A.B. asks: 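One structure, pasted below without further comment.
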Protein chains: 2
Amino acid sequence: MSVPPRYRAKSRVDVSGEESRAKAVAVATELFALTGFKGTSVAAVAAKTGLSQSGLLHHFPSKAVLLTAVLEERDRQDGEFLAGSAGPPLGWAAFDALAALVARNSARPHLVGLFVRLAAEATEPAHPAHAWVREHYSGLQRWLAAAVRSGQEDGEIAADAPVGSIVRTTIAVIDGLQQQWLLQPDEVSMTAEFEAFTGTLRARWAR
Amino acid sequence: MSVPPRYRAKSRVDVSGEESRAKAVAVATELFALTGFKGTSVAAVAAKTGLSQSGLLHHFPSKAVLLTAVLEERDRQDGEFLAGSAGPPLGWAAFDALAALVARNSARPHLVGLFVRLAAEATEPAHPAHAWVREHYSGLQRWLAAAVRSGQEDGEIAADAPVGSIVRTTIAVIDGLQQQWLLQPDEVSMTAEFEAFTGTLRARWAR
DNA sequence: GTCTATAGAGTGATAGAC
DNA sequence: GTCTATCACTCTATAGAC
């Protein structure tokens with residue numbers, strides 16, 4: 001029961017369009033990572049995608065729309081990774097999941113560079129990604145806070161552990177390590193440092 | 001034994017030049033903080049300084065030179081603050097000095113924004129401030145590592161404390177807290193979070 | 001869906017008068 | 001030391017042909 005040829009042909013045209021779009025997102029991710037959002041021109045993304053500037057702007061009517069496509073794709077991938085196959089990790093397992101994400105990022109300096117540069121650029125309220133970066137952080141905080149509270153209910157984490165403080169400091173350590181690692185990739189091990197930090201957390205708050 | 005009038009007059013002209021220069025550095029600091037280095041035009045700095053673009057470029061032959069002037073001024077001020085009046089603080093006193101710097105920064109969101117945005121932009125090797133940011137971090141690491149080692153020699157800090165790890169994580173916490181504070185100024189207290197963190201360090205490594 | 005061509009604004013930097 | 005005027009370039013976005 002195969003699809004009639006003429007529909008296949010039409011589908012093939014659509015797929016070509018989808019492929020240009022997907023390739024553009026991948027290229028934009030790489031270039032925004034290398035030179036930041038403001039530092040990357042639409043023309044550069046188009047050239048590396050193999051399109052003219054206008055060809056690219058057919059898919060993304062403005063540079064800001066292209067940026068949101070890049071960010072949504074990254075959040076989608078990281079969300080999948082953090083959620084795990086057996087539902088969201090709770091208690092200390094959430095810190096293990098973060099450690100796994102840090103280890104994974106240690107092999108992707110471009111993506112880390114993109115995030116560090118963009119998160120900093122987008123602290124400016126007028127930046128096109130400002131809403132995204134605010135939601136990104138508060139979402140991460142909510143996710144980790146829920147995991148910690150769940151660990152407290154299970155008796156795995158001390159009931160008097162300061163949830164908000166642990167959440168904010170943990171996220172701060174990840175961000176700060178990324179910054180130092182980008183500058184000193186051979187001297188800083190994000191994985192080792194983050195695991196040393198979570199070890200300290202466990203030593204103090206595990207029950 | 002006063003200086004002859006004609007030298008005073010000449011001096012007065014020089015002072016006027018110095019004032020334009022100093023004002024330009026202050027304005028550039030503020031604008032780079034608000035919109036990043038790449039996001040700030042020389043024309044904007046000139047306008048807010050009260051000079052034409054060329055008038056500004058008389059003092060700083062290029063935008064990159066203006067940037068280094070801004071960064072050197074900030075490092076000079078922070079270095080003075082951290083060094084203290086009685087020489088560089090050693091042992092746990094170094095963490096107190098950092099906490100004081102964090103508290104001071106909590107009243108200067110523009111300066112924090114400048115640093116966060118610029119440090120991120122400048123992780124790119126081709127950025128005009130790349131050399132500065134690398135030296136800034138390794139200098140800070142050296143300073144704090146020396147203080148910790150001194151504390152170990154004095155028996156104030158455990159001899160088996162992992163110096164490098166403590167240093168990198170402490171700097172990471174400061175950087176990461178700045179990022180979150182810029183996005184959520186009313187929900188995050190950099191001072192409280194940093195002091196909670198150093199409290200954890202002391203609980204584990206104080207002797 | 002992709003192209004060429006171009007509008008229209010903004011960029012960093014320079015030349016030369018005062 | 002500061003100005004006006006201008007150069008050569010890059011940027012995002014649009015119009016319209018194919």
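Chain letters run A, B, ... following the sequence lines, proteins first, then strands; residues in each count from 1. Treat the numbers as computed from the prediction; the structure is a model and nothing was measured.
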A.B. asks: Using the closest heavy atom to pick a nucleotide of DNA chain D for each, name whichever of B:Gly50 or A:Val42 lands nearer the 5' end.
C.D. replies: B:Gly50

A.B. asks: Nearest whole Å is fine: how far is C:dT11 P from B:Leu67 CG?
C.D. replies: 17 Å

A.B. asks: So how far is it from A:Leu177 CG to A:Trp181 CH2, rounded to the nearest 0.5 Å?
C.D. replies: 11.0 Å

A.B. asks: Please determine whether any donor N or O and acceptor N or O are separated by less than 3.5 Å between the side chain of A:Ser54 and the base of C:dA5.
C.D. replies: yes

A.B. asks: Across the strands shown, which category fits A:Leu51 at heavy-atom distances under 4.0 angstrom: base, sugar-phosphate, nothing?
C.D. replies: sugar-phosphate

A.B. asks: Grab the CD-P distance between B:Glu19 and D:dT2 for me, whole Å please.
C.D. replies: 10 Å

A.B. asks: Tell me the interatomic distance from B:Lys23, atom NZ, to D:dT2, atom C1', rounded to whole angstroms.
C.D. replies: 15 Å

A.B. asks: Out of D:dT4, D:dA13, C:dA13, which has the shortest distance to the side chain of A:Lys63?
C.D. replies: D:dA13

A.B. asks: Could you check whether the side chain of B:Ser20 and the base of D:dT2 have a donor-acceptor pair of N or O atoms closer than 3.5 Å, going by distance alone?
C.D. replies: no

A.B. asks: Does D:dT14 have OP1 or OP2 sitting under 4.0 Å from an N or O in the side chain of A:His58?
C.D. replies: no

A.B. asks: Measuring from A:Arg104:CZ to A:Leu111:CG, what's the distance to the nearest 0.5 Å?
C.D. replies: 8.5 Å

A.B. asks: Just how far, in rounded Å, is P of D:dA13 from CG of A:Leu66?
C.D. replies: 10 Å

A.B. asks: A:Leu31 CG to D:dC11 C1': how many Å, rounded?
C.D. replies: 16 Å

A.B. asks: Using atom CG of B:Leu57 as one end and atom P of C:dT14 as the other, report the distance to the nearest whole Å.
C.D. replies: 8 Å

A.B. asks: Once you round it to whole Å, what is the distance between P of D:dT2 and NE2 of B:His59?
C.D. replies: 4 Å

A.B. asks: Between B:Phe115 and B:Trp132, how do the two ring planes meet: parallel, tilted or perpendicular, split at 30° and 60°?
C.D. replies: perpendicular

A.B. asks: Does the structure place the NZ or CZ of A:Arg117 under 6.0 Å from the centre of the six-membered ring of A:Phe37, at an angle of no more than 45° from the ring's axis?
C.D. replies: no

A.B. asks: Under 4.0 Å between any heavy atoms, over every strand shown, what does B:Ser41 touch: base, sugar-phosphate, or nothing? Just pick one.
C.D. replies: sugar-phosphate

A.B. asks: Identify whether any heavy atom of B:Thr40 sits under 4.0 Å from a base atom; if not, whether one sits that close to sugar-phosphate; answer base, sugar-phosphate or nothing.
C.D. replies: sugar-phosphate

A.B. asks: Without hydrogens or angle criteria, can the side chains of A:Gln141 and B:Gln184 be said to hold a donor-acceptor pair below 3.5 Å?
C.D. replies: yes

A.B. asks: Can you tell me how far P of D:dC11 sits from CZ of A:Phe37, to the nearest Å?
C.D. replies: 13 Å

